[in-house]
Amino acid sequence: MSTRIAFLKGHGTENDFVIVPDPENAVDLPPAAAAALCDRRAGIGGDGLLHVVRSAAHPEARAMAAEAEWFMDYRNGDGSVAEMCGNGVRVFARYLQRAGLTTEGDLAIATRGGVKTVHIAKNGDITVGMGRALLPEGDVSVSVGERSWPARNVNMGNPHAVALVADLDHAGDLYAQPPFEPAAAYPDGVNIEFVVDRGPRHVAMRVHERGSGETRSCGTGACAVAVAAARRDGTDPALTGTPVTYTVDVPGGTLVITEHPDGEIEMTGPAVIVAEGEFDAGWLEGVLG
């Protein structure tokens with residue numbers, strides 16, 4: 001008899017994920033399996049996969065088990081491993097709440113980008129402590145067709161190139177990763193954000209996510225965009241001593257990003273579980289050959 005494996009489907013500002021609860025890390029999910037589950041035509045479909053594992057049961061997270069009971073073993077839509085996913089953390093927290101594994105209030109979640117602090121508010125919004133941004137030195141540029149723009153190199157536990165543009169349509173279709181230079185700046189690839197102004201401390205963005213293509217939202221990308229905009233606008237909290245908040249519109253909704261004088265960044269937004277069910281382990285074995 002084939003084994004049935006439970007899954008859920010959720011999204012944060014329409015950045016959507018397949019969720020596989022697996023507390024004891026018993027489900028084998030190699031890259032090809034994650035990619036098959038995220039396939040929108042032949043699988044369940046999602047921008048990425050959230051593998052829900054107790055930190056103590058995963059070799060990459062055991063060192064964080066004392067701080068965070070749960071580890072977000074995150075995979076991109078192509079099955080590749082990623083350090084962090086801001087929208088994914090919110091959806092991960094919503095799953096834990098739905099499953100009765102946490103309640104409203106504060107919790108900690110282990111990720112490959114470190115332990116993230118999360119607050120589930122009574123109004124349903126979820127705030128994630130995203131850590132501090134790193135701003136590597138050196139000039140970076142991105143291009144689409146004949147257009148090219150300077151970009152701000154921002155690392156949010158994963159790499160980003162933020163380009164301020166006149167029109168979001170200039171980003172093209174974003175099916176393939178836009179070219180960037182120098183290649184040495186991002187040896188493992190990069191998430192690229194194209195950004196326009198909407199008003200005071202209000203921007204809109206489109207993003208090509210490494211390993212997933214264009215997505216409806218990117219939480220770490222929204223944080224990177226807010227950091228880049230604050231430096232451009234002269235509102236760097238480390239210099240002003242005052243927190244700064246940017247509203248970031250993404251195709252799937254709106255995120256609110258606050259950077260504090262100590263460099264800590266918080267992201268607030270919605271997270272929704274839309275479905276749950278089971279898939280046949282035999283199907284997955286067949287896909288993997």
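Residues satisfying the side chain to side chain donor-acceptor pair (under 3.5 Å) test with Arg210, not counting sequence neighbours, are Glu83. Asp197 meets the salt bridge (Lys or Arg N to Asp or Glu O under 4.0 Å) test with Arg232; sequence neighbours excluded. Judged as a ring pair (Phe, Tyr, Trp, His ring centres under 6.0 Å), and not counting sequence neighbours, His51 has no contacts.
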Got a list of side-chain donor-acceptor pairs under 3.5 Å for residues 107-114, not counting sequence neighbours?
{"from": "Thr111", "atom 1": "OG1", "to": "Gly113", "atom 2": "N", "distance (Å)": "3.0"}
{"from": "Thr111", "atom 1": "OG1", "to": "Gly114", "atom 2": "N", "distance (Å)": "3.3"}
{"from": "Thr111", "atom 1": "OG1", "to": "Gly114", "atom 2": "O", "distance (Å)": "2.7"}
{"from": "Arg112", "atom 1": "NE", "to": "Glu60", "atom 2": "OE1", "distance (Å)": "2.8"}
{"from": "Arg112", "atom 1": "NH1", "to": "Asp73", "atom 2": "OD1", "distance (Å)": "3.1"}
{"from": "Arg112", "atom 1": "NH1", "to": "Tyr74", "atom 2": "O", "distance (Å)": "3.4"}
{"from": "Arg112", "atom 1": "NH2", "to": "Glu60", "atom 2": "OE2", "distance (Å)": "3.0"}
{"from": "Arg112", "atom 1": "NH2", "to": "Asp73", "atom 2": "OD1", "distance (Å)": "2.6"}

Expected list for residues 161-185: side-chain donor-acceptor pairs under 3.5 angstrom, two or more places apart:
{"from": "Asp167", "atom 1": "OD1", "to": "Asp169", "atom 2": "N", "distance (Å)": "2.8"}
{"from": "His170", "atom 1": "NE2", "to": "Arg147", "atom 2": "NH2", "distance (Å)": "3.4"}
{"from": "Asp173", "atom 1": "OD1", "to": "Tyr175", "atom 2": "N", "distance (Å)": "2.9"}

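Taking the side chain as every heavy atom from C-beta outward, Asp16 and Lys9 approach each other to under 4.5 Å.
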(message) Thr215 vs Asp47, test: side chain to side chain donor-acceptor pair (under 3.5 Å). Steps then yes/no.
(response) CA-CA 7 Å; Thr215 59; Asp47 292 323; 5.0 Å; no
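A salt bridge links Glu264 with Arg132: the closest approach of a Lys/Arg side-chain nitrogen to an acidic carboxylate oxygen falls below 4.0 angstrom.
Evaluated for a side-chain hydrogen bond (donor to acceptor under 3.5 Å, both in side chains) with Ser217, the options Asn87, Thr254, Asn15 yield exactly one hit, Asn87.
Side-chain atoms of Arg4 do not come within 3.5 Å of backbone N or O of Gly277 as any donor-acceptor pair. Listed for the Arg94 side chain is a donor-acceptor partner under 3.5 Å among the backbone atoms of Ala271.
Interatomic distance, CG of Leu50 versus CZ of Phe7, reported as 13.5 Å (0.5 Å rounding).
Counting only residues at least two apart or on different chains, the ring-ring contact (aromatic ring centres under 6.0 Å, His included) pairs with a member in residues 133-160 are Trp149-Phe194.
Met267 and Leu135 fall within the same hydrophobic cluster, where Ile, Leu, Val, Met, Phe, Trp and Tyr residues are linked whenever their side-chain heavy atoms come under 4.5 Å apart, directly or through other members.
Nearest heavy-atom pair across Gln97 and Ile120 is NE2-CG2, 3.7 Å.
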